[in-house]
There are 2 protein chains.
Amino acid sequence: MTTTEQKILEAARQVFLKKGMDGARMQEIANEAGINKALLHYYYRSKDKLFEAVFNEIFTQFITKISLVLLSDAPVKEKMSLFVDSFIDKIAANPFVPQFIIGEINRDPAIIKKMMQKSGFNPDMFVSLFGTQFKNLHFDVRHFIVSLLGLCIFPFAARPLIENVYFNNNSEAYDVFLFERKEYIKSMMLKFMEEE
Amino acid sequence: MTTTEQKILEAARQVFLKKGMDGARMQEIANEAGINKALLHYYYRSKDKLFEAVFNEIFTQFITKISLVLLSDAPVKEKMSLFVDSFIDKIAANPFVPQFIIGEINRDPAIIKKMMQKSGFNPDMFVSLFGTQFKNLHFDVRHFIVSLLGLCIFPFAARPLIENVYFNNNSEAYDVFLFERKEYIKSMMLKFMEEE
DNA sequence: AAATGGTTTAACTAAACGGTTAATTTTAAT
DNA sequence: ATTAAAATTAACCGTTTAGTTAAACCATTT
């Protein structure tokens with residue numbers, strides 16, 4: 001059984017994910033949840049508050065996914081492979097998430113601080129933990145992680161464009177491309193990480 | 001001397017770039033241009049038309065930049081280096097462009113077709129021309145280009161987040177990071193392209 | 001100097017928006 | 001069964017929004 005509050009959050013999640021804060025309408029969220037608009041304000045006082053709840057949920061989930069694998073103590077190459085596989089699977093299951101997060105942190109950069117402390121993540125944690133794991137390599141940890149994220153996220157965020165240019169808007173063909181992508185990224189990074 | 005029409009387009013460009021279609025307000029564009037709001041409708045009938053003009057300008061400029069280097073007949077490794085350097089410089093001079101394009105093509109994927117034909121670019125052109133240039137390598141052209149774009153664009157699109165997590169919101173430090181990025185991407189791709 | 005026609009403005013309109021209110025229904029405790 | 005609290009709704013409110021209108025401006029032409 002799902003409570004009304006959950007139904008609202010789920011509906012808000014769907015609408016906000018697709019349309020973003022600026023494009024979303026309270027009425028549409030209410031319709032999606034199958035309730036009256038006033039009920040949104042009953043449970044979440046304002047559009048801002050409702051959005052914050054949705055963003056927090058999505059952001060926390062996202063950053064948790066990123067950190068879980070990376071904070072494990074597997075060997076770096078193996079860790080990288082694990083990350084690519086699980087991360088791309090995760091995005092494939094929630095394809096709107098990357099573009100949503102990217103859009104909203106650019107709309108309101110201040111939201112990051114708020115979410116970081118709310119979700120209990122400490123920026124230092126990332127730097128130090130990733131750092132100690134990777135320090136034996138001559139790679140720059142930050143560039144390495146940013147590269148990994150960019151390689152995984154970009155094909156989802158820019159999907160409509162790439163799908164048009166390279167796949168003639170064939171959606172199934174693009175799904176195949178996204179599936180192949182895991183192996184491509186892994187082989188690319190492994191070669192880069194080779195010591196010769 | 002700049003005409004009112006140009007002033008409007010320039011103002012609209014600034015506002016749309018920062019806030020996107022949904023977040024932009026005609027009044028703000030009018031203020032930015034130092035004119036009356038009705039004048040916007042005099043030159044560009046509607047918000048949609050004005051946005052289309054702005055998007056077309058930005059998109060055409062963007063895709064032209066991408067294609068110019070890639071369509072040259074330089075050797076692939078050299079071409080890749082040229083591309084990374086010039087592309088990152090271009091984005092650094094227009095940091096809002098990537099996020100803007102990504103956001104808007106997701107909001108309205110249909111806009112891509114419209115822009116493609118308006119700007120005279122033919123999708124086939126990319127596939128075939130890139131293809132013939134790269135076909136001697138065992139690399140998948142599409143994955144290769146998507147990787148290159150992701151590596152270059154992502155640090156700009158996700159700047160607020162990365163700047164917070166890795167640079168404690170030190171903007172100058174992040175500019176250095178972006179500058180370093182050119183060399184990092186090039187060395188990464190060169191190693192990947194090596195035949196052993 | 002009167003008329004013309006493109007340009008610009010202030011004032012206005014209608015619709016959409018986020019949010020409120022007051023009343024009604026449902027739920028749960030006594 | 002009665003009552004209080006929680007949940008839900010319809011109607012409404014004030015504001016904001018894109019877009020319109022009619023008149024004023026201003027340089028050229030007649």
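All values below come from the heavy atoms of this structure, side chains included, with hydrogens, waters and symmetry mates left out. In what follows, chains are A, B, ... by sequence order, proteins preceding strands, each numbered from 1. Because the structure is predicted, anything quoted here is derived from the model rather than measured.
For the pair B/Leu40 CG and D/dG19 P, the computed distance is 10 Å after rounding to whole Å. In this structure, B/Tyr44 places its OH atom 17 Å from C1' of D/dG19, rounding to the nearest Å. When the C1' atom of D/dA23 is taken as reference, atom CG of B/Asn36 falls 13 Å away, rounded to whole Å. Rounded to an integer number of Å, the gap from B/Arg25 CZ to D/dT15 P is 17 Å. Note: NE2 (A/His41) to P (D/dA7) measures 17 Å, nearest angstrom. One can place OH of B/Tyr42 at 15 Å from C1' of D/dA23, the figure rounded to the nearest angstrom. Going from atom NZ of B/Lys19 over to atom C1' of D/dT17 covers 15 Å, rounded to whole Å. As a whole-Å value, the separation of A/Asp22 CG from D/dT16 C1' is 14 Å.
For B/Lys47 and D/dG19, a side-chain-to-base donor-acceptor distance below 3.5 Å is absent, hydrogens and geometry of angles not being considered.
In terms of hydrophobic clustering, with Ile, Leu, Val, Met, Phe, Trp and Tyr side chains grouped at heavy-atom distances under 4.5 Å, A/Phe59 and A/Leu68 are assigned to different clusters.
Between D/dT8 and A/Thr4, a contact under 4.0 Å exists linking OP1 or OP2 to a side-chain N or O. Remark: A/Tyr43 is in phosphate contact with D/dT8, judged by side-chain N or O atoms under 4.0 Å from OP1 or OP2.
A donor-acceptor contact closer than 3.5 angstrom links the side chains of B/Asn31 and B/Gln27. Side-chain contact, A/Arg159 with A/Ser171: a donor N or O sits under 3.5 Å from an acceptor N or O. A donor and an acceptor atom, one from each side chain of A/Ser147 and A/Arg142, are nowhere located under 3.5 Å apart.
Residues B/Phe16 and B/Phe100 place their aromatic rings such that the two centres sit no closer than 6.0 Å.
First and last contacts of DNA chain C with chain B, using any nucleotide atom under 4.0 Å from a protein heavy atom and ordered 5' to 3', fall at C/dG6 to C/dA10.
Applying the salt bridge (charged side-chain N to carboxylate O under 4.0 Å, His left out) test to residues at least two apart or on different chains, the pairs with a partner in residues 27-46 of chain A are A/Lys19-A/Glu28.
Of the candidates D/dT9, D/dT21, D/dG19, D/dT9 carries the atom nearest the A/Leu39 side chain, counting heavy atoms from C-beta on.
The pair B/Lys49-B/Glu52 fails the salt-bridge criterion, with no side-chain N (NZ, NE, NH1 or NH2) lying under 4.0 Å from an Asp/Glu carboxylate O.
A/Ala30 comes within 4.0 angstrom of nothing in the nucleic acid, heavy atoms only.
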